[in-house]
Each structure stands twice: as structure tokens, then as C-alpha cells.
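Report on one structure; see the data block that follows.
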Amino acid sequence: IRMILIGPPGAGKGTQAPKIKERFSCCHLATGDMLRSQVAKKTPLGREAKKIMDQGGLVSDDIVIGMIKEELDNNRECQGGFILDGFPRTVPQAEGLDAMLKERNKKLQHAVELQIDDALLVARITGRLVHPASGRSYHTMFHPPKEPMKDDVTGEPLIQRSDDTADALNKRLGTYHKQTAPVVAYYQKTGIWKGVDASQQPGQVWKNVLDILEGRD
Ligand code: AP5
Ligand code: ZN
């Protein structure tokens with residue numbers, strides 16, 4: 001499969017993507033997770049990116065396009081296709097992706113938008129807990145881990161993302177509506193766009209996503 005998942009912070013991209021990966025045996029490329037791993041390693045890019053991420057802005061198009069290109073070329077899991085989570089989030093990134101796929105004689109098959117009102121996102125974001133190494137996310141109320149503050153799979157500690165404050169969320173939402181809404185319009189014109197109501201229970205969102213990917217919608 002070759003698809004993108006698009007939606008505001010907290011819409012459920014990182015919750016749904018691993019299920020798609022498992023179902024279709026493709027790679028899951030999340031630019032936010034890749035950037036956070038650079039931050040954790042304190043690389044020069046990581047130091048620069050952390051400031052931008054904590055302020056709810058966007059890292060430069062060239063950097064994230066380069067990261068995706070690198071994975072598509074070298075990550076063997078991507079031979080079975082890919083699901084992109086959090087990329088593209090500007091029109092130049094969408095054009096960059098088109099160019100990359102064209103060079104490989106491939107086409108994007110699905111652009112799925114997770115649609116949800118901003119008002120529902122504050123609770124999701126401020127209650128989120130993440131396992132940094134895997135990117136797995138939990139929620140204090142909506143999806144609690146089996147043991148408090150521990151990852152279900154590895155038992156390692158869960159943390160809160162430094163950009164998961166109400167204040168940073170407002171900035172991220174502003175950036176989303178300004179820079180990423182035009183990306184939705186970009187895909188609506190191509191005919192591969194579908195929207196899903198992301199305010200539903202995670203299991204129902206998953207069912208709707210799968211119906212789209214398997215052509216039952
Ligand atoms: P990124 O990591 O992509 O963050 P984001 O887009 O803000 O999205 P989130 O990860 O916050 O939300 P999600 O949709 O994955 O939600 P989740 O499933 O975890 O990017 C971070 C930053 O990196 C950006 O701000 C930017 O600075 C930079 N960056 C990244 N990509 C870039 C790019 N391409 N270009 C430039 N800069 C880039 O769910 C959230 C919570 O809700 C969880 O606790 C979950 O358990 C819960 N939940 C999920 N679904 C449901 C449901 N249906 N009902 C109830 N609760 C639910
Ligand atoms: Zn995410």
C-alpha cells in the first residue's frame with residue numbers, strides 16, 4: 001500500500017498507523033517520531049528541531065523531504081509500501097513526495113484525512129503518554145497503559161511530549177490550519193482523498209479507515 005494519513009495534532013494518526021502497518025506489511029514513517037529521535041540523540045538537527053517543535057512551528061521542507069527520501073530508499077520495510085504519518089504537511093512537501101514517487105514509477109493510492117474539531121483535541125493531547133523508543137502512545141483516560149506510566153510491550157517508562165502543553169497545542173493547531181489545510185485541498189483535487197470522522201472510538205475509526213483502504217466505503 002502507498003498512502004498518507006493527514007490530520008491535526010491528536011487526531012489519531014499515530015494510533016491508527018501501526019494497525020495499518022500490521023495489516024498491509026508496509027513501513028510506517030512518522031516525521032515527528034524521526035525528528036524526536038534526533039532530539040533525543042542531541043544531534044545538530046535535533047537541537048535545532050526541538051526549538052521549532054516546542055513552539056509549534058514546522059521544520060524546513062528540505063529536511064523532512066530528505067528524511068522521507070532516505071527511508072523510502074533504504075528501509076527494507078518500505079518495499080511492501082508505506083504509510084506516511086505527519087508528512088506531507090505543506091504543499092511543497094506534497095509536491096516533493098509526488099516527484100519522489102514519479103522517479104520511482106509509483107503513485108500514491110490513498111490520502112486519508114482524520115477529521116475532528118479542534119475543541120476535542122486539548123484533552124487528547126494533554127492526557128497523552130508516549131513510549132519514546134517505539135512511538136507507541138497511550139492516554140491517561142482514553143487508553144491507559146496496563147501498569148501506570150509503563151509501556152505495555154517493554155515495561156519501559158512512558159513520558160509526556162514536551163510539545164503536549166495546551167499552549168504549544170494552540171500554536172500547532174494554528175500551523176495546521178494555515179499550512180496543512182492547503183495540503184488537504186491539494187489531495188482533494190487528485191481524487192485519492194477520503195475523510196474519516198476521527199472523533200469516534202479508536203476501533204470505529206480503524207474500521208472506517210480499513211473500509212476505505214479495502215474499497216468498501
Ligand atoms: P507530529 O509528531 O507529527 O505531531 P502532530 O501532527 O502534532 O500529531 P500528534 O502526534 O500530536 O497526533 P496524532 O494524530 O499522532 O495523535 P495520537 O494517535 O498520538 O509532529 C510534531 C512536530 O514535529 C510538529 O509540530 C513539527 O514541528 C515537526 N514536524 C513533524 N512532521 C513535520 C513535517 N512533515 N514538516 C515539518 N515539521 C514537521 O493520539 C493522541 C492522543 O489521543 C493519544 O493519547 C491517543 O491515545 C488518544 N486517541 C487517539 N485516537 C483516539 C480516539 N479515537 N478517541 C480517544 N482518544 C484517542
Ligand atoms: Zn503522532
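Read the numbers this way: they start at 1 and go in the same order the structure lists the ligands and their atoms.
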* **Any N or O of V59 closer than 3.5 Å to N or O of ligand 1** => yes
* Structure fact -> Under 4.0 Å from one or more heavy atoms of G12, ligand 1 contributes atoms 13 (P), 14 (O), 16 (O), 17 (P), 18 (O)
* Any N/O pair Q200/ligand 1 closer than 3.5 Å -> yes
* Asked: Do we see a donor-acceptor contact under 3.5 Å between the side chains of T43 and Q38?
  -> yes
* Under 3.5 Å: N/O of I52 near N/O of ligand 1 -> no
* Within a strict 4.5 Å, meaning less than it, do heavy atoms of the Q188 and V184 side chains meet? -> yes
* Asked: Under a heavy-atom criterion of less than 4.0 Å, does P202 contact ligand 1?
  -> yes
* To do: Please report which non-hydrogen protein atom sits nearest to atom 28 (C) of ligand 1, along with the residue it belongs to and the distance in Å to one decimal place.
  => L35 CD1, 3.6 Å
* **atom 15 (O) of ligand 1: the protein heavy-atom neighbour that sits closest, reported with distance to 0.1 Å** => G14 N, 2.9 Å
* **Test item, G56 contacting ligand 1 (heavy atom, 4.0 angstrom)** => no
* To do: Starting from atom 23 (O) of ligand 1, locate the nearest protein heavy atom and write down its residue, its atom name and how far away it is, to 0.1 Å.
  => M53 CE, 3.3 Å
* Asked: Is it true that atom CZ of R76 has more than 12 heavy atoms of other residues, nucleotides or ligands lying nearer than 6.0 Å?
  -> no
* Any N or O of G86 closer than 3.5 Å to N or O of ligand 1 -> yes
* Taking distance alone, with no angle check, do K13 and ligand 1 share an N/O pair under 3.5 Å? -> yes
* Taking atom 44 (O) of ligand 1 as the reference point, the nearest protein heavy atom with its distance -> Y138 O, 2.7 Å
* To do: Write out the residue and atom name of the closest protein heavy atom to atom 54 (N) of ligand 1, then the distance separating them to 0.1 Å.
  => R124 NH2, 3.3 Å
* Structure fact -> A student comparing R161, Q55, H143 should find that the heavy atom closest to atom 21 (C) of ligand 1 comes from R161
* Asked: Is any side-chain heavy atom of Y138 less than 4.5 Å from a side-chain heavy atom of R128?
  -> no
* Under 3.5 Å between some N or O of ligand 1 and some N or O of V64? -> no
* For atom 31 (N) of ligand 1, grab the closest protein heavy atom and report residue, atom and distance to one decimal in Å. => T31 OG1, 2.8 Å
* To do: Using distance alone, with no hydrogens and no angle criterion, decide if Q16 and W206 have a side-chain donor and acceptor under 3.5 Å apart.
  => no
* Asked: Any N or O of D33 that comes nearer than 3.5 Å to an N or O of ligand 1?
  -> no
* Asked: Quick one: are I65 and F87 in side-chain contact, heavy atoms under 4.5 Å?
  -> yes
* Quick one: are L29 and D85 in side-chain contact, heavy atoms under 4.5 Å? -> no
* CD of Q201: more than 12 outside heavy atoms within 6.0 angstrom? -> no
* Can you list the ligand 1 atoms lying under 4.0 Å from a non-hydrogen atom of Q93? -> 33 (C), 34 (N), 35 (N), 36 (C)
* Asked: In terms of atom number and element, which parts of ligand 1 are under 4.0 angstrom from non-hydrogen atoms of G32?
  -> 1 (P), 2 (O), 20 (O), 30 (C), 31 (N)
* Go through the steps to decide whether K207 and D211 satisfy the test salt bridge (Lys or Arg N to Asp or Glu O under 4.0 Å), and finish with yes or no. => CA-CA 6 Å; K207 191 178 169 301; D211 281 348; 3.6 Å; yes
* Report yes or no: do Y176 and D118 form a side-chain donor-acceptor pair below 3.5 Å? => no
* Asked: Does any N/O atom on R89 come nearer than 3.5 Å to any N/O atom on ligand 1?
  -> yes
* What about I125: any of its N or O atoms under 3.5 Å from an N or O on ligand 1? -> no
* Asked: Could an N or O of ligand 1 be found under 3.5 Å from any N or O of G57, whether backbone or side chain?
  -> yes
* Have a look at ligand 1 and work out which part of Q201, if any, has a heavy atom under 4.0 Å from it: side chain, backbone, both or neither. => backbone
* Asked: Do D197 and S199 get their side chains close enough for a donor-acceptor pair, meaning under 3.5 Å?
  -> yes
* At what distance is the nearest protein heavy atom to atom 56 (N) of ligand 1, and which residue and atom is it? -> F142 CD1, 3.4 Å
* Any idea which part of Y176 is under 4.0 Å from ligand 1, heavy-atom wise: side chain, backbone, both or neither? -> neither
* **disulfide bond (SG atoms under 2.5 Å apart) partners of C27, counting only residues at least two apart** => C78
* Linked, directly or transitively: I83 and L101 (ILVMFWY side chains, under 4.5 Å) -> no
* For R36, the ligand 1 atoms whose distance to one of its heavy atoms is below 4.0 Å -> 2 (O), 21 (C)
* Asked: Just wondering, are more than 12 heavy atoms of other shown residues or ligands nearer than 6.0 Å to CD in E22?
  -> no
* Asked: Any side-chain donor paired with an acceptor under 3.5 Å for H28 and D33?
  -> no
* Structure fact -> of all protein heavy atoms, closest to atom 18 (O) of ligand 1 is T15 OG1, 2.6 Å
* Please examine the side chains of F24 and L213, heavy atoms only from C-beta on, and report whether any two atoms are closer than 4.5 Å. => yes
